[in-house]
**Student:** 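Okay, handing you the structure first.
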Amino acid sequence: MKPFLSCFALVLCFNFAAVWAEPAGTRPNIVFVLSDDMGWSQPGFNGGDAKVTPNMDRLANEGMRLTEFYTHSVCAPTRAAFLTGRYAFRTWSDWRSEDFGKPSYLAKLGLKLAYNDRGQPTRRLHALDTEERTIAEALKEAGYFTSIIGKWHLGEWLPEHLPMGQGFDHQYGHYAWGIDYYTKTIVHNAPARFAVYDWHRNQQPLQEEGYATDLIADEAQRVIESRKGKDEPFFLYVAFNAVHGPLNPPPGFDGDPDDPLAIRRAMLASLDQAVGKISDAIDENGFRENTVFVFTNDNGPVLEEMSKPYRGTKNTTFEGGVRQPAVIRWPGHTEPGSTKDGLVFISDFFPTFVTLAGGRHQQERPLDGIDMTSMLFGDQESTREEIVFDVSGSVRLPTIRSGDYKLMGDMLYNIKTDPSESTDIASGHPERVTKMRARVTALGNQRPPLGDKPLLMDPPLPYVYGLQEQENVPDWLIKAVDQVRAKQPTEWAPGETPWPKAPQGAKASKMDGLKDEATK
């Protein structure tokens with residue numbers, strides 16, 4: 001009996017070692033799914049309604065949840081940090097492209113609204129610097145097929161600023177901040193107040209009927225299926241616009257059309273079904289065992305009740321704006337139904353994915369991301385002690401997390417003992433405040449010069465985004481956009497705009513559809 005037990009023990013040890021073997025250079029497929037504006041407590045696995053998110057919950061049961069995963073507090077900064085492995089302030093991505101057409105945002109930079117040579121107000125061009133090395137470029141260099149499906153939000157005009165100029169072999173979806181789920185238009189092109197078409201495949205305008213969430217999932221399924229039989233691994237970045245506004249209920253919605261919470265619930269259920277489709281496509285095409293599948297979110301929700309138990313919303317650096325649900329499934333490397341503590345920031349995926357791909361870590365511009373391979377897929381603890389959410393010169397308050405403490409402007413919180421940030425303890429810890437303020441100031445001083453942003457979007461109100469896509473705008477697109485514009489307001493009260501004003505202070509203005517907001 002003893003020899004049998006010894007053999008059995010050896011098998012167990014061998015299997016355990018195989019499961020937790022160092023995964024560096026194993027070249028798995030990588031599917032990174034990012035939702036938009038979802039709250040911490042919306043998925044069932046974080047206390048939400050399990051009837052609405054069965055697929056997210058299934059993924060959590062099959063994978064590993066991160067309890068202290070963080071992003072920036074707004075869409076574009078988070079996306080830039082993910083793609084570059086660097087804090088958003090280093091690339092000026094803490095300022096979104098659309099901010100450079102909004103007077104209240106420009107005023108915070110000491111800039112004025114630009115005018116073209118015909119005297120028309122227009123937008124200064126702003127996008128992710130093409131000199132940045134993106135994760136798509138790093139993985140492509142390592143032999144991966146790279147695809148982005150969904151929302152880009154890091155430049156919408158010059159070809160070098162679009163996804164295929166930043167390392168992606170395939171592109172599908174929209175370039176700018178938030179489309180109508182049916183018409184595929186952005187509601188305004190600040191400072192112009194009318195809609196622009198924004199739906200493309202491989203950076204050409206695409207005429208397509210359907211609900212954006214469903215279409216993004218369908219394209220992801222097609223791309224995954226197309227990789228069967230290919231020798232090269234693939235990197236698929238699926239960036240949903242759901243559950244970001246506008247509040248467009250999905251097909252078949254039978255709730256109260258005047259109840260925004262009912263619409264939000266339906267949009268979340270639609271997103272959940274889309275996540276399920278992608279998960280099924282991975283499994284059905286034989287990629288499950290060799291695919292790192294990550295599902296997370298870009299920033300906090302519009303409504304604070306969706307952040308509970310945390311305080312704050314998107315556009316703030318309270319926990320509700322920056323702490324996100326996150327699930328990672330990689331069979332054999334993540335334990336089903338497990339959780340993992342320890343600070344992880346969105347930029348950490350860059351060096352982690354490069355390690356998994358066996359890629360090149362050396363690059364000209366240093367990373368803020370930390371390689372978390374051994375923490376996520378092994379038994380080591382997180383080595384991250386600091387997160388910089390915003391610095392001086394950002395739209396939002398300078399905010400830094402150091403160990404258990406977060407300094408947000410002049411406020412100090414102990415996140416470990418007070419995760420809901422109910423008690424400002426700055427007055428009791430003046431030395432800590434001074435030290436943390438000095439640190440975030442020093443980092444902010446590393447921000448490169450912005451320059452005067454001389455390039456302008458022309459025409460100021462295009463029919464479709466993408467400079468090269470202006471060359472032959474199809475008749476169907478012009479007709480579709482004209483129909484949308486005909487229903488938009490043509491007059492506005494003095495001081496009102498279809499976009500929110502720049503946030504001020506810790507309690508940044510709450511988003512409220514397309515209504516103008518008072519500057520606070």
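In this text, all values refer to a predicted model and were calculated from it rather than measured experimentally.
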**Student:** Between Phe235 and Phe32, is the ring pair (Phe, Tyr, Trp, His ring centres under 6.0 Å) condition met? List the steps.
**Tutor:** CA-CA 8 Å; Phe235 167 55; Phe32 188 86; 7.6 Å; no

**Student:** In a check of side-chain contact (heavy atoms from CB on, under 4.5 Å) between Phe234 and each of Thr146, Val31, Val223, which one passes?
**Tutor:** Val31

**Student:** Taking the side chain from Asp424 and the backbone from Leu412, do they hold a donor-acceptor pair closer than 3.5 Å?
**Tutor:** yes

**Student:** Under 3.5 Å, side chain of Lys406 to main-chain N/O of Thr317, donor-acceptor pair present?
**Tutor:** yes

**Student:** Can any side-chain N or O of Asp198 pair as donor or acceptor with the backbone N or O of Ile186 at less than 3.5 Å?
**Tutor:** no

**Student:** Please confirm whether the ring centroid of Phe168 lies under 6.0 Å from the ring centroid of Phe145.
**Tutor:** no

**Student:** Could you go through the side-chain hydrogen bond (donor to acceptor under 3.5 Å, both in side chains) check for Arg27 and Tyr144 one step at a time?
**Tutor:** CA-CA 9 Å; Arg27 297 175 59 77; Tyr144 277 64; 5.4 Å; no

**Student:** So which atom in Arg329 and which in Ile282 form the shortest heavy-atom distance, rounded to 0.1 Å?
**Tutor:** NH2-CG2, 4.0 Å

**Student:** Do Trp330 and Phe293 have their ring centres less than 6.0 Å from each other?
**Tutor:** no

**Student:** Only one of Thr383, Leu376, Thr352 forms a side-chain contact (heavy atoms from CB on, under 4.5 Å) with Asp371, so which one is it?
**Tutor:** Thr352

**Student:** So how far is it from Leu271 CG to His244 NE2, rounded to the nearest 0.5 Å?
**Tutor:** 13.5 Å

**Student:** Tell me whether Glu137 contacts the main-chain N or O of Thr134 through its side chain, where contact means a donor paired with an acceptor under 3.5 Å.
**Tutor:** yes

**Student:** Could you give the distance from CG (Leu343) to CE (Met375), rounded to the nearest 0.5 Å?
**Tutor:** 8.5 Å

**Student:** So, Asp341 side chain and Thr67 main chain: donor-acceptor pair closer than 3.5 Å or not?
**Tutor:** no

**Student:** Is it true that a side-chain atom of Asn29 and a backbone atom of Pro233 form a donor plus acceptor pair closer than 3.5 Å?
**Tutor:** no

**Student:** Before you tell me yes or no, could you show the steps for Tyr310 and Trp40 under ring pair (Phe, Tyr, Trp, His ring centres under 6.0 Å), namely the whole-Å CA-CA distance, both residues' side-chain angles and the distance that decides it to 0.1 Å?
**Tutor:** CA-CA 8 Å; Tyr310 303 116; Trp40 170 269; 5.4 Å; yes

**Student:** Can you tell me how far the CE atom of Met38 sits from the CG atom of Asn297, to the nearest 0.5 Å?
**Tutor:** 4.5 Å

**Student:** Got a second to check how far Arg384's CZ is from Glu386's CD, nearest 0.5 Å?
**Tutor:** 8.0 Å

**Student:** In Å and rounded to the nearest 0.5 Å, what is the CG to CZ distance from Leu139 to Phe353?
**Tutor:** 8.0 Å

**Student:** Between the main-chain N or O of Arg437 and the side-chain N or O of Thr441, is there a donor-acceptor pair closer than 3.5 Å?
**Tutor:** yes

**Student:** To the nearest 0.5 Å, what is the distance between CZ (Arg264) and CG (Leu247)?
**Tutor:** 4.5 Å

